[in-house]
Amino acid sequence: MEGRIYQLNTKGRTPGGRGLPKSPVEAVHIGSDGLEGDYNYYRTKKLAGDTEQAVLLYPLEMIRTLNEEGWPVEPGDLGENVTTEGLAYQDFVAGGVYEVGEALLEVTKPCVPCSNLAALPYVGEARKKEFIKTLVNRRGWYARVLKEGRVRPGDRVERVSAN
């Protein structure tokens, strides 16, 4: 199974800010604690830097599905670091190992929708519960970094092991 990196997304530390939406970057180094220049308050403070959630992957195909369902989601909106293309949501599996550009990532677990999604302008408090329900089992995949490396849009994303 092979796809590519559609977009890379980061968000620097902003006092009182949320980790989404993230903005596109052209190229970035993925280190053991995630993408260089990306700050995740929840992972850093609440999870004490848990490297099991260093990178969040999300397929462009699922963004398109959400668009068809009436949600104007754009790459980076859901806080994903790597927006992939060419791999379906179900092509990602916990324990699966993926080459992402020069990096090697192991998917650890699915991301669970949270109330921070209300920060998106098309969600807000009024539609928060509806959006969270929409994203159950479709929120993205966390991964740990097995091998650090440089990545850029267009780089290959390939599952090399299903574990």
Side-chain angles (χ1 to χ4, degrees), residues 1-14 17-66 73-114 116-117 119-120 132 135-163:
M1 268 171 228
E2 187 175 325
R4 69 180 188 96
I5 296 172
Y6 178 80
Q7 185 170 296
L8 297 163
N9 310 292
T10 66
K11 185 171 184 178
R13 185 176 185 169
T14 54
R18 301 284 185 220
L20 52 94
K22 293 185 185 294
S23 300
V25 294
E26 283 305 309
V28 69
H29 178 81
I30 296 181
S32 62
D33 58 349
L35 277 67
E36 185 177 290
D38 186 55
Y39 179 78
N40 182 303
Y41 175 84
Y42 183 74
R43 182 183 68 232
T44 303
K45 298 294 183 185
K46 302 291 185 184
L47 300 178
D50 184 5
T51 57
E52 299 289 301
Q53 296 184 35
V55 178
L56 183 60
L57 303 160
Y58 203 82
L60 182 63
E61 290 76 5
M62 184 56 73
I63 291 172
R64 290 179 177 145
T65 297
L66 292 169
V73 178
E74 295 288 332
D77 279 5
L78 300 179
E80 80 273 11
N81 301 113
V82 180
T83 310
T84 64
E85 183 176 35
L87 293 169
Y89 194 86
Q90 60 273 15
D91 291 336
F92 292 94
V93 294
V97 177
Y98 300 79
E99 281 185 4
V100 179
E102 296 175 357
L104 192 63
L105 307 178
E106 179 183 2
V107 170
T108 54
K109 62 184 174 181
C111 179
V112 177
C114 68
N116 287 339
L117 294 164
L120 296 170
I132 287 172
L135 290 179
V136 170
N137 298 319
R138 305 192 309 174
R139 177 65 177 87
W141 297 95
Y142 283 120
R144 79 170 125 234
V145 179
L146 300 177
K147 177 186 159 207
E148 297 184 8
R150 190 128 178 101
V151 294
R152 54 196 66 69
D155 282 354
R156 184 171 52 115
V157 176
E158 181 179 7
R159 187 166 78 188
V160 295
S161 169
N163 280 0

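Side chains included, hydrogens not; waters and symmetry mates left out as well; all remaining heavy atoms used.
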To check you understand the geometry: which heavy-atom pair defines the closest contact between [X] and [Y], and what is its length?
X: Leu78; Y: Leu56; result: O-CD2, 4.0 Å
X: Leu8; Y: Val151; result: CD1-O, 3.5 Å
X: Arg150; Y: His29; result: NH1-N, 3.6 Å
X: Pro75; Y: Thr83; result: CB-OG1, 3.8 Å
X: Ala88; Y: Pro59; result: C-CG, 4.2 Å
X: Lys11; Y: Pro21; result: CD-O, 3.4 Å

- request: Check whether any side-chain N or O of Arg159 sits under 3.5 Å from a backbone N or O of Asp91 as a donor-acceptor pair, and report yes or no.
  value: yes
- request: Applying side chain to side chain contact (heavy atoms under 4.5 Å, CB included) between Ile30 and each of Asn81, Val55, Leu104, report the one that passes.
  value: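 Testing Ile30 for a side chain to side chain contact (heavy atoms under 4.5 Å, CB included) against Asn81, Val55, Leu104 leaves exactly one candidate, Val55.
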- prompt: In a check of side chain to side chain contact (heavy atoms under 4.5 Å, CB included) between Tyr98 and each of Thr84, Val82, Val93, which one passes?
  reply: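 Between Tyr98 and the candidates, side chain to side chain contact (heavy atoms under 4.5 Å, CB included) is satisfied uniquely by Val93.
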task: Output yes when Arg144 and Glu106 qualify as a salt bridge under the 4.0 Å nitrogen-oxygen rule, no when they do not.
output: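 A salt bridge links Arg144 with Glu106.
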- prompt: Should Lys109 and Glu52 count as an ion pair when the cut-off is N to O under 4.0 Å?
  reply: no
I'd like to check [X] versus [Y] (side-chain heavy atoms, cut-off strictly below 4.5 Å). Are they in contact?
X: Leu120; Y: Val73; answer: no
X: Val100; Y: Ile5; answer: yes
X: Arg138; Y: Thr65; answer: yes

[atom1]-[atom2] distance between [X] and [Y], expressed to the nearest 0.5 angstrom:
X: Tyr58; Y: Tyr89; atom1: OH; atom2: OH; answer: 6.5 Å
X: Arg139; Y: Leu117; atom1: CZ; atom2: CG; answer: 5.0 Å
X: Leu105; Y: Glu148; atom1: CG; atom2: CD; answer: 11.0 Å
X: Arg152; Y: Arg4; atom1: CZ; atom2: CZ; answer: 14.0 Å
X: Leu57; Y: Glu80; atom1: CG; atom2: CD; answer: 9.5 Å
X: Glu99; Y: Asp155; atom1: CD; atom2: CG; answer: 11.0 Å

message: I'd like to know whether OH of Tyr6 has more than 12 heavy-atom contacts from other residues, nucleotides or ligands below 6.0 angstrom.
response: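 Counting other residues, nucleotides and ligands, OH of Tyr6 stays at 12 neighbours or fewer.
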task: Determine, stepwise, if the pair Glu85 / Arg64 fulfils side-chain contact (heavy atoms from CB on, under 4.5 Å).
output: CA-CA 11 Å; Glu85 183 176 35; Arg64 290 179 177 145; 3.4 Å; yes
query: Which one of Thr10, Asn9, Asp38 satisfies the side-chain hydrogen bond (donor to acceptor under 3.5 Å, both in side chains) criterion with Lys22?
result: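 Among Thr10, Asn9, Asp38, the one meeting side-chain hydrogen bond (donor to acceptor under 3.5 Å, both in side chains) with Lys22 is Asp38.
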